[in-house]
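Working notes, beginning with the structure itself.
Only heavy atoms go into these numbers, but all of them, side chains included; no hydrogens, no water, no symmetry mates.
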Amino acid sequence: MISVHVPAPGTTAAGRPSLLRDPGLWLAPAAVTATGMGVGSLSWALPGIALAFLAGHRSGRTWPMGVAVCVLLATAAVAVALVPALFPLGSLFVLLVVGVALLPWFAGRVWRQYQELVRAGWSRARQLEREQRLVAEQARLRERARIAQDMHDALGHDLSLIALSAGALKLAPGPAGEHRAAAEEVRARAAAAVERLGEIVGVLREEGDGPPAGPAGFAVEPLVAGARASGLDVTSGNSSTPGRCIPNIGQSR
């Protein structure tokens, strides 16, 4: 079974949001900005943690946070170079970058990957369930075709023999007129039964099944022998060329 995954609108084939709709493009800079502001006031730490977590969870890309952190580090290096008095705040700055920006962002990434694994597992389970239903449906269709073939081969042959025997009885010189009428009635009923059997077989067999490949459990010799045992003068022969068989020839009813 071949399944085709169609990405949702606004997402890529990998399930990530498109570049223009990626919330990481503004969440990551906002988280890094709050981290930098935390050097002056630690009250910016909580908003920075929340923004960094959302940047890792809502965005499927890593480069927005990487670029934002690199810009923050470059800005801090320039600030320290221009104002050396900021150098003692370096340890606090590193703690804020790690604790406010990077660790929450990694936590958001892990949570996102866990949710993607859960969704992938459920999707795989649904796919396996569909495949099992498909296999069961194919087995059911094969069984229906087999039953239709068996009914056609067994009952159709027997009913045809009844019809032939009744026809021969009708043409025999011995029976009286009422016997001929009874034989004609038997022959008509057998012919109607054969037609009804053909309708049932047509219902059981699906349109795409095609004709059966061959009789189920029957050969030509037993069929000829049964016809002879019923009193019919039957001869059999094979006029086909060896090695030249026409495929997909349906059985006559």
Closest heavy-atom pair, Ala34 versus Gly48, reported as atoms and distance to 0.1 Å, is CB-CA, 3.6 Å
Taken to the nearest 0.5 Å, the spacing of Arg109 CZ from Phe53 CZ works out to 12.0 Å
Is there a path from Val32 to Val97 through hydrophobic residues (I, L, V, M, F, W, Y) whose side chains come within less than 4.5 Å of each other? yes
Task: 4.5 Å side-chain heavy-atom contact, Gln113 and Leu117 - done: no
Closest non-hydrogen contact found for Gly36 with Leu72 is CA-CD1, 4.2 Å
**Study point:** Met65-Ile49 co-clustered via ILVMFWY side chain contacts under 4.5 Å
**Key:** yes
Exercise. So do the side chains of Leu96 and Leu42 get within less than 4.5 Å of each other, counting heavy atoms only?
Worked result: yes
Rounding to 0.5 Å, atoms OG1 (Thr33) and CH2 (Trp26) come to a distance of 12.0 Å
- Flag the pair Glu143 and Arg140 as a salt bridge only when some basic side-chain nitrogen lies within less than 4.0 angstrom of an acidic carboxylate oxygen. no
I'd like to know whether Glu129 forms a salt bridge (Lys or Arg N to Asp or Glu O under 4.0 Å) with Arg133, so could you lay out the CA-CA distance, the side-chain angles of the two residues, the decisive distance to 0.1 Å, and finally the verdict. CA-CA 6 Å; Glu129 184 179 358; Arg133 288 199 299 265; 3.2 Å; yes
Between the CD atom in Glu137 and the CZ atom in Arg142, the distance rounded to the nearest 0.5 Å is 10.5 Å
For this session: Check whether any side-chain heavy atom of Arg112 sits under 4.5 Å from a side-chain heavy atom of Glu116, and report yes or no.
Result: yes
Please check if Trp44 and Leu86 belong to a single hydrophobic cluster, counting links between Ile, Leu, Val, Met, Phe, Trp and Tyr side chain heavy atoms closer than 4.5 Å.
no
Pro104 and Ala52 have their tightest heavy-atom pair at CB-CB, 3.9 Å
Co-membership, hydrophobic cluster, residues Leu103 and Tyr114, 4.5 Å side-chain: no
In terms of heavy-atom contacts, Pro88 and Pro84 come closest through CD-O, 4.1 Å
Tell me whether Val78 shares a hydrophobic cluster with Val67, the cluster being built from Ile, Leu, Val, Met, Phe, Trp, Tyr side chains joined at under 4.5 Å.
no
Is any side-chain heavy atom of Leu27 closer than 4.5 Å to one of Trp105?
no
